[in-house]
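What follows is one structure encoded as structure tokens, with my remarks underneath.
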Amino acid sequence: MKFTKLIAILLVVVLVGCASEPGKKSKVAKADTATGIAAVGASILPAGPVTPNPYLQNKPTVSRAAQQNFTDATRAMRNKQWVLAESLLQKVIAENSKLSGAYLNLGLVYRAQKEDKRAEQAFNNAIAANHTNLDAYNQLAILQREAGNFTGAEANYQKALSLWPFHPESHKNIAILYDLYMGKSSEALPHYEAYLQLLGGDDKQVTSWIADLQRRLGITPKPKAAAPSEESPAPAEESSTPIADAPADGTTETPSEEVSDE
């Protein structure tokens, strides 16, 4: 899928408490608390209930003017009006340099125009503004992977997972990196499985990748495991406020040279 289609997905954004997939309820599936993660056995996910996404804990104060500029910027991005979108996002940043999501979307504007150096700087600025911006690490890693810097991409996926080991997209992306680019198939498998477990098995494409990888590794498929349970509901991800201190859905890589083939 072309990058501009990814942009359309990424523009589903909200203010405070915007997770990696705003506008939708968390993909982390609920399960019987009695089974939870302990039933997985070899799972690389931490034992115990799912903890809240740390990015959701950030609650910046944003003016109405900044909110409107951000809304207008996302509309411009959907319409591929990159110059206008950049100008509006720069206004948001000028008012509040701590809005990590504004930097991230600015990076997406640069990526759409194939200005990868500027995009890289914007993603780094997003991380500097809020070091828990998991999608900024993922977007930076995707740039690094595309440039052939596989160890740099691996490091950024690992940083995201060190901040929140229950982040589905970081598990999926690092698995793809290991599987297709670094020749670490045995290390890819548990991350694919973690991703699928967090989604409650709701991804037929990744399920098929796992089956193929298990065949290549000569591994007998394991019985389907229960998804981890949540200790408490995550902060609300939906809001009528249109600006975000976060990126949005669709920051994955897939086994192709295109980003997000879903």
Any side-chain heavy atom of Ser186 sitting closer than 4.5 Å to one from Tyr178? no
Lys91 and Ser87, any side-chain heavy atoms less than 4.5 Å apart: yes
Examine the side chains of Asn133 and Ser100 and answer whether a donor and an acceptor come within less than 3.5 Å of each other. yes
Do Gln57 and Pro52 have side chains that get closer than 4.5 Å, going by heavy atoms? yes
Smallest separation among heavy atoms of Ser97 and Ala129, with atom names: O-CB, 3.9 Å
Quick one: are Lys80 and Trp82 in side-chain contact, heavy atoms under 4.5 Å? yes
Identify the heavy atoms of Ala65 and Glu95 that sit nearest to each other, and give their distance. CB-OE1, 4.4 Å
Quick one: do the Ser170 and Asn138 side chains pair a donor with an acceptor below 3.5 Å? yes
Taking the side chain as C-beta and beyond, is there a heavy-atom pair between Lys98 and Asn130 under 4.5 Å? no
Using a 4.5 Å cut-off on heavy atoms from C-beta on, say whether the side chain of His171 contacts that of His167. no
Donor-acceptor side-chain pairing of Asp179 and Tyr192 below 3.5 angstrom: yes
Any idea which heavy atoms bring Leu45 and Pro165 closest together, and the distance? CD2-O, 3.4 Å
So the salt bridge (charged side-chain N to carboxylate O under 4.0 Å, His left out) pairs with at least one residue in residues 119-129 (sequence neighbours excluded) are none
Measure the shortest side-chain to side-chain distance between Lys184 and Glu154 over non-hydrogen atoms and say whether it is less than 4.5 angstrom. yes
Carboxylate-amine/guanidinium contact Glu146 Arg111, below 4.0 Å: yes
Residue pair Gln139 / Asp135, side-chain donor-acceptor N/O under 3.5 Å: no
Which residues end up grouped with Leu84 if you chain together Ile, Leu, Val, Met, Phe, Trp and Tyr wherever their side-chain heavy atoms are less than 4.5 Å apart? Leu88
If I compare all heavy atoms of Leu134 with all of Trp164, which pair ends up nearest, and what's the gap? CD1-CE3, 3.7 Å
Taking all heavy atoms of Leu161 and all of His191, pick out the closest pair and write down the distance. CD1-CE1, 3.9 Å
Any ring-ring contact (aromatic ring centres under 6.0 Å, His included) pairs touching residues 91-135, not counting sequence neighbours? none
Is the shortest side-chain heavy-atom distance between Tyr137 and Leu163 below 4.5 Å? yes
What's the shortest heavy-atom distance between Pro168 and Leu199, and which atoms? CB-CD1, 3.6 Å
Side chains of Gln197 and Ser43: donor-acceptor distance under 3.5 Å anywhere? yes
Check step by step if side chain to side chain contact (heavy atoms under 4.5 Å, CB included) holds for Leu217 and Leu213. CA-CA 6 Å; Leu217 294 172; Leu213 185 52; 3.9 Å; yes
